[in-house]
Undergrad: 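For reference, the structure I am asking about is given below.
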Amino acid sequence: MAISLAITLQQIELLRSSLLEWGKIHFRSFPWRLTDNPYHILIAEILLHRTQVRQMIPVYENFLRCYPELSALANAGKEELQNSLYSLGLHWRIDLLHETAQILQHRFAGKIPRDKQSLLTLPGVSQYIAAAVRCFAWNEPEVLLDTNTVRITGRLLGWEVKDSSRRSARFRQALETLLDREHPRDFNYALLDLAHLFCLKRQPPLCGECPLKIWCNYPREGEKPDEHSQ
DNA sequence: GTCCCGCTTG
DNA sequence: CAAGCGGGAC
């Protein structure tokens with residue numbers, strides 16, 4: 001495959017450890033990152049969907065005060081959930097979460113399922129959320145594909161990022177190859193933190209301090225953006 | 001893969 | 001207003 005490529009396995013291992021070391025230092029400490037409670041993590045991922053962290057944190061904390069466990073959530077009516085979640089926008093999410101709580105309580109015996117197929121049957125649980133829950137709650141080796149991880153991957157490998165990239169097998173395989181299967185949770189945290197702190201989208205990325213810079217194909221100043229890719 | 005669209009933030 | 005995100009239709 002293409003990515004095995006320009007970089008040897010040994011180099012990939014170096015890249016991983018470099019990223020993990022950076023991740024330890026720059027770890028963003030959020031409440032849902034300090035627990036392995038699958039219910040808390042699922043709630044966090046659902047509330048984070050297309051929503052900024054800063055806006056979501058107080059809502060998340062209040063939400064878990066009201067519904068500390070799944071059974072409490074499953075007993076709540078929709079109107080009640082509206083009060084907790086309305087300020088986050090994306091209001092259909094409230095119905096989806098209500099429905100998901102019912103399914104979890106009654107079809108999954110009140111437990112968050114660990115296998116991906118089951119997770120994907122839950123309304124509002126996308127590929128990303130299913131993978132995130134499995135990785136962060138159980139440290140399963142899951143790849144997370146979103147605009148952030150796709151941006152890093154594209155820059156790293158010198159691949160143009162297009163609208164289709166987030167669903168392309170090519171980008172997914174690249175991340176599968178890069179993923180540290182010994183430390184999937186730490187690897188993905190580091191990747192997400194790198195995207196938010198260094199490998200920026202709107203502003204120029206902080207390449208000078210990037211732990212991946214010696215492997216990265218992102219055009220440096222003075223060079224033209226690369227084109228070899230697709 | 002491409003286009004589109006609803007929703008949100010800057 | 002523009003741009004970003006991500007799910008869905010095609």
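Within every chain, numbering begins at 1; the chains are lettered A, B, ... in the order of the sequence lines, protein sequences first and strands thereafter.
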Undergrad: From C-beta outward on A:Arg166, which listed nucleotide comes closest to its side chain: B:dT2, C:dG8, B:dT9?
TA: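 The answer is C:dG8.
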Undergrad: Under 3.5 Å, side chain of A:Thr149 to main-chain N/O of A:Leu144, donor-acceptor pair present?
TA: yes
Undergrad: Output the rounded distance in Å from CD1 (A:Ile46) to P (C:dG6).
TA: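 The distance from CD1 of A:Ile46 to P of C:dG6 comes to 15 Å, rounded to the nearest Å.
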Undergrad: Is the A:Phe198-A:Trp22 ring centre distance short of 6.0 angstrom?
TA: yes
Undergrad: At under 4.0 Å, does any side-chain N or O of A:Gln55 touch on OP1 or OP2 of B:dT8?
TA: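 Checking A:Gln55 against B:dT8: no side-chain N or O falls below 4.0 Å of OP1 or OP2.
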Undergrad: By the 4.0 Å heavy-atom rule, please label A:Gln127 as base, sugar-phosphate, or nothing.
TA: nothing
Undergrad: Go nucleotide by nucleotide along DNA chain C from the 5' end; which of A:Arg167 and A:Arg202 gets its closest nucleotide reached first?
TA: A:Arg202
Undergrad: How many whole angstroms separate atom CZ of A:Arg93 from atom C1' of C:dG7?
TA: 14 Å
Undergrad: Whole angstrom is fine here: how far is it from CH2 in A:Trp159 over to P in B:dG1?
TA: 11 Å
Undergrad: Under 6.0 Å between the ring centres of A:Phe30 and A:Tyr60?
TA: no
Undergrad: Checking A:Arg33 against A:Phe27: charged group under 6.0 Å from the ring centre and within 45 degrees of the axis?
TA: yes
Undergrad: What is the distance, rounded to the nearest whole Å, between atom CD of A:Gln203 and atom C1' of C:dG4?
TA: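 Value for this atom pair: 14 Å.
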Undergrad: Among the candidates C:dC5, B:dT2, B:dT9, find the nucleotide nearest to the side-chain atoms of A:Lys201.
TA: C:dC5
Undergrad: The side chain of A:Asp163 is closest to which nucleotide in this list: B:dC4, C:dC5, B:dG1?
TA: B:dC4
Undergrad: Nearest whole Å is fine: how far is B:dC3 P from A:Lys162 NZ?
TA: 10 Å
Undergrad: How close or far is atom C1' of C:dG4 from atom NE2 of A:His196, stated in whole angstroms?
TA: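 Whole-Å distance recorded here is 12 Å.
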Undergrad: Give the rounded distance in Å between these two atoms: CG of A:Leu85 and C1' of B:dT8.
TA: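 Whole-Å distance recorded here is 17 Å.
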Undergrad: What is the distance, to the nearest angstrom, from the CG atom on A:Leu192 to the C1' atom on C:dC5?
TA: 15 Å
Undergrad: So which nucleotide from B:dT9, B:dC7, B:dT2 ends up closest to the side chain of A:Trp92?
TA: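 Nearest nucleotide to the side chain: B:dC7.
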Undergrad: OP1 or OP2 of B:dC7 versus the side-chain N and O atoms of A:His91: is any pair under 4.0 Å?
TA: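 A:His91 to B:dC7 OP1/OP2: no side-chain N or O under 4.0 Å.
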Undergrad: Within the 4.0 Å heavy-atom criterion, would you say A:Ser126 contacts the bases, only the backbone, or no part of the nucleic acid?
TA: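 Sugar-phosphate only.
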Undergrad: Whether A:Thr147 contacts C:dG4 is assessed here as follows: a side-chain N or O lying under 4.0 Å from the phosphate OP1 or OP2. Is that the case?
TA: no
Undergrad: Kindly check if the number of other-residue, nucleotide or ligand heavy atoms within 6.0 Å of CZ (A:Arg54) is above 12?
TA: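 For A:Arg54, atom CZ is not crowded (no more than 12 foreign heavy atoms under 6.0 Å).
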Undergrad: Looking only at side-chain atoms of A:Leu90, point me to the closest of C:dG8, B:dT9, B:dT8.
TA: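 Ranking C:dG8, B:dT9, B:dT8 by closest atom to the A:Leu90 side chain puts B:dT8 first.
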